[in-house]
Each structure stands twice: as C-alpha cells, then as structure tokens.
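Reckoned from all heavy atoms, side chains included, excluding hydrogens, waters and symmetry mates. Remember, it's 1-based here, ligands and their atoms both numbered in the order they're listed.
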Amino acid sequence: MTRLRLGVNIDHVATVRNARGEGYPDPVRAAEMALAAGADGITAHLREDRRHISDADIDQLAVICRRRGRPLNFECAVTPEMEAIALAHRPHAACLVPERREEVTTEGGLDVVRGHNAIAPVVARLAQAGIRVSAFIDADEAQVRAAKAVGAQVVELHTGAYCEAVREKRPQAGGLLTKLKAAAATARELGLEVHAGHGIDYETVKPIAAIPQLVELNIGHFLIGEAIFIGLGPAIQRMRALMDEARAQAAA
Ligand code: PXP
C-alpha cells in the first residue's frame, strides 16, 4: 500500500487569532511548524466571509509552501471570486467545497450531481492553469461519478458523518465506514485520486487510513485542539504514526 500523505489544515489557528482581532496566533507560523513536524502539505480554506483564513494568509502560505516545495491545498467555494484568487496563486491543488454562511463548518459534500453545469467550467479553467482540482463530496456513488464527469482529478471523501457517529457511539458508524470504502473503490476504478477528511481524530484515523485507495488525509480541527495540550509538532507526529500503523496493519 502506498504511503498516506498528511495535509494539515491550519484554519483554526486563524479562528483563535480572529477571536481577539490580534495578529496572533499566526496560521503561517503554524504551517511552518506543521511542515517541520512531518506534514506533507498545508490545507487552508478561504471562506467567503473570511471568518478564519484571510487573503493575506493565503498570500503568505503560497510563498512558504512554494519555498519549501510542499503542496498548498487551497479550499474554496465555487464562486467567481474564489476562482480568481486560485488562478492568481496557482496553488498545487484546489479543493472545491460547498459553503453556507450559517454553517459552523463544511457540513456536507459538494452536490456535484446537481451542480454539474456550474462546476464543470470552473474545474476546466483551474485545470488549464495547472491546478489539481479536487471535489469534496459525500461518500456516494452518484457524487463520485459526477466528480469524474466534471473533470476533477481528485475526490476528497467527507468523513464527518462517520467520525461523528464513532464519537457518539452510534450504531450507524459501521455502515458509514462501509460507504466510505465503497466510494473510495469506485473513485479509484474511475481513475480518480482519492483523499479523505473532516472530523478525523486519533480514534477514527486508523479505520480511515486502512482504506487502501486513499492517498491523502486532510486533518485540522482535532490537531489544532490537541496542540493546546501537547504542542502542534507532537500532535502531528502522533497522527502520522497512527496513519502509518493502520497502513502497516492493513497490509499485513
Ligand atoms: N477537508 C476539507 C475539504 C474540509 O473542508 C475540512 C474542514 O475545513 C477538512 C478537510 C479538515 O476537517 P477538520 O478540521 O474537521 O479536521
């Protein structure tokens, strides 16, 4: 099985910074530390309301990722403004996500089935600029096929429902993991690269990391929370170790 990459999402360092309107803690410093601790790349979501990451953060993250030769995964909604920002920076990857202002976090996947006509031309323009385009979708076969149809190279499967079910000890957790496995297998059969993310913690990372078609996990909120207690570097290293353990056990 291939080594699983870890993308660290540093949005919530900016959430803490913005809560006081100060210049600290700095998400760019967190990105530098994450890369030094073994993150394979940095993920940042520039929301339309700029509630955490700012335009200036994206400018700086693009610079440090380029300098270090590590990928920046730019998460954004499918809007003309975000497309223009992505085209200006040409990050390694753009992950297209749904966005509703009233939501606390990205609550579900992008509806690529219904959004085909709006999404396909944006994917084409980003891809033309050399950006790998990922669609953040629910683990649903129709959405996987729709992501392929709009020209995405990558799908990121939304793991939020599964992670929440595990944390709340709900019996649906097993079925949700089965859906993630099925969606990953379909995506791979269609030639898509398969990523996963949202809500992953130390407990849920192993069953997810054991899904063989996955090549990248994007993890943020739990790592930033854990960093309060043990530091960002150790939190990332522990997550990395659990990912590697899961892969080794699945391959044995
Ligand atoms: N991947 C995507 C596409 C996301 O929108 C998010 C949340 O911003 C994550 C991964 C990371 O989720 P979490 O912060 O819950 O680990």
Side-chain angles (χ1 to χ4, degrees), residues 4-16 18 27 30-31 34 39-53 57-58 61 71-78 82 86 91-101 103-112 119 131-139 143-144 147 152-168 180 183-184 187 192-205 208-209 214-228 232 235-236 238-240 242-243:
L4 197 49
R5 295 193 299 264
L6 172 59
V8 172
N9 179 317
I10 42 76
D11 292 350
H12 298 300
V13 178
T15 303
V16 176
N18 295 2
D40 296 290
I42 297 299
T43 292
H45 183 178
L46 184 66
R47 293 188 77 104
E48 289 182 85
D49 62 8
R50 310 299 198 270
R51 70 172 72 155
H52 39 59
I53 293 293
D57 294 330
I58 292 293
L61 290 168
L72 173 64
N73 180 27
F74 175 71
E75 263 185 46
C76 63
V78 185
M82 290 300 152
H92 170 81
C95 181
L96 303 179
V97 302
E99 220 173 271
R100 283 187 298 119
R101 266 164 211 265
E103 71 189 0
V104 176
T105 181
T106 312
E107 283 166 7
L110 188 65
D111 189 345
V112 192
I119 297 167
I131 302 167
R132 279 174 78 77
V133 183
S134 164
F136 186 47
I137 57 169
D138 289 329
Q143 294 295 344
V144 173
Q153 291 167 278
V154 180
V155 283
E156 178 163 329
L157 301 177
H158 196 312
T159 50
Y162 165 67
C163 293
E164 198 180 296
V166 171
R167 267 192 289 280
E168 293 176 0
L180 285 165
L192 292 161
E193 185 170 301
V194 197
H195 301 177
H198 209 282
I200 298 174
D201 63 10
Y202 291 152
E203 184 182 4
T204 46
V205 72
I208 293 170
L214 291 178
V215 299
E216 181 175 308
L217 299 185
N218 285 301
I219 309 179
H221 189 252
F222 177 80
L223 287 173
I224 302 306
E226 196 60 9
I228 295 169
L232 186 57
I236 289 170
R238 170 109 199 266
M239 190 63 83
R240 171 83 261 162
L242 290 169
M243 287 162 61

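Here the side chain of T159 pairs a donor or acceptor atom with the backbone of G197 at under 3.5 angstrom. Using a distance-only test at 3.5 Å, with no hydrogens or angles considered, no donor-acceptor pair links the side chain of E193 to the main chain of Q153. The backbone N or O of E48 sits less than 3.5 Å from a side-chain atom of E99, completing a donor-acceptor pair. Checked by atom type and distance alone, the side chain of R167 never pairs as donor or acceptor with a backbone atom of D201 at under 3.5 Å.
Between the side chains of T43 and N9, no donor-acceptor pair of N or O atoms lies under 3.5 Å. Using modelled atom types, one finds no donor on one side chain facing an acceptor on the other under 3.5 Å when comparing E156 with H195.
When hydrogens are left out, the protein atom nearest atom 15 (O) of ligand 1 is G199 N, 2.8 Å; that is the closest non-hydrogen contact. Here the heavy atom of the protein found nearest to atom 11 (C) of ligand 1 is N218 O, 3.8 Å. If you check which protein heavy atom lies closest to atom 4 (C) of ligand 1, you get E75 OE2, 3.2 Å. H198 CA, 3.3 Å is the protein heavy atom nearest to atom 12 (O) of ligand 1. G220 N, 2.7 Å is the protein heavy atom nearest to atom 16 (O) of ligand 1.
For atom 10 (C) of ligand 1, the candidate residues are E156, H221, E216; the nearest heavy-atom contact is made by E156.
Using a 4.5 Å cut-off on side-chain heavy atoms (C-beta onward), C163 and I208 make contact.
In N9, the part holding a heavy atom less than 4.0 Å from any atom of ligand 1 is the side chain. Contacts with ligand 1 closer than 4.0 Å are made by no heavy atom of H158, backbone or side chain.
Ligand 1 has at least one atom lying under 4.0 Å from a heavy atom of F136.
Shown in contact with I219 at under 4.0 Å from a heavy atom are these atoms of ligand 1, numbered in order with element: 16 (O).
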